[in-house]
Amino acid sequence: MTTVRIPAGWPATEERARAVQDELRERVVLDEPGPPPGTGRVTGVDVAYDDERDLVVAAAVVLDAATLDVVAEATAVGQVSFPYVPGLLAFREIPAVLAALDALPCAPGLVVCDGYGLAHPRRFGLASHLGVLTGLPTIGVAKNPFTFSYEEPGPRRGSASALVSGEDEVGRALRTRDGVKPVFVSVGHRVSLDNACAHTLALTPKYRLPESTRRADSLCRRALQEATP
DNA sequence: GCGACAG
DNA sequence: ATCTTGTCGC
């Protein structure tokens, strides 16, 4: 397990963090379709915390997109770099996620984040931010609708409806399993919304959440246990 | 002003 | 995120 380094100039206040989002937002690429589902590699990233010691552990798990077999994995531990503030999640999670991605022995391909991308108060969520910093194609798959509204999609797997912020469609509520609560998909960087949903469906042959995030979630929890006496 | 609010 | 056992159902 490698160690997290907090990037130079990492914001220390909410005001500065919002300014960074407003600045980096300009660099998001939204006009690329992204890699075709079922090809190449897909990497799930997730983070776990120990609030007692202000510890954070991130995991990155690389899957073969066709078989969903694990190809590689890496973890990173470090000190928490920012409190949890709705809308500023990226500043809490990204340093650890970057360290885990750096520790991988191979290229990650498409990165699937636990959270949002475009669906964000300033249109620059975790997935967008990670995409801009790494240049990698990214998407966000969240478990909750955050502050957004949506119409309940149809009951079957594959049904989807718009995730709405005012006038804009910022993502999609996507049913990944029959009769189960939808997930909330949004674009991060260099991937279209249709393609992001197709990837999400390809990653959910058995469970509600993408196999990538399930793997990353269990790995970072295990690693946190081992890092905590 | 008050409440809600990804993880 | 995290605290947490058993339990209902395929």
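Below, chain A is the first sequence line, B the second, and so on; all start at residue 1. Treat the numbers as computed from the prediction; the structure is a model and nothing was measured.
- As a whole-Å value, the separation of A:Y150 OH from B:dA6 P is 13 Å.
- Secondary-structure stems of DNA chain B, taken as three or more successive Watson-Crick or G-U wobble pairs (i with j, i+1 with j-1) under a 3.5 Å distance threshold, are lacking entirely.
- Remark: A:R92 is not in phosphate contact with B:dA6, judged by side-chain N or O atoms under 4.0 Å from OP1 or OP2.
- In this structure, A:Y49 reaches the sugar-phosphate backbone alone: every heavy-atom distance under 4.0 Å involves primed, P, OP1 or OP2 atoms, never a base.
- Within 6.0 Å of atom CZ in A:R41, 12 or fewer heavy atoms from other residues, nucleotides or ligands are found, so the atom counts as exposed in its surroundings.
- Using a 4.0 Å heavy-atom cutoff across all strands shown, A:G87 reaches at least one base atom of the nucleic acid.
- A:N144 has a side-chain polar atom (N or O) that falls below the 4.0 Å cut-off from OP1 or OP2 of B:dG7.
- Within the 4.0 angstrom heavy-atom criterion, only backbone atoms of the sugar-phosphate kind lie near A:D46; the bases stay farther away.
- Rounded to an integer number of Å, the gap from A:K143 NZ to B:dA6 C1' is 8 Å.
- No aromatic stack links A:F184 and the base of B:dA6, using centre distance under 5.5 Å and interplanar angle under 30°.
- If you take CG of A:L55 and P of C:dA1, they are 17 Å apart, rounded to a whole angstrom.
- Ring centroid separation for the pair A:H129 and A:F91 comes in under the 6.0 Å cut-off.
- Nucleic acid contact for A:A119: none, since no nucleic acid atom lies under 4.0 Å from a heavy atom of the residue.
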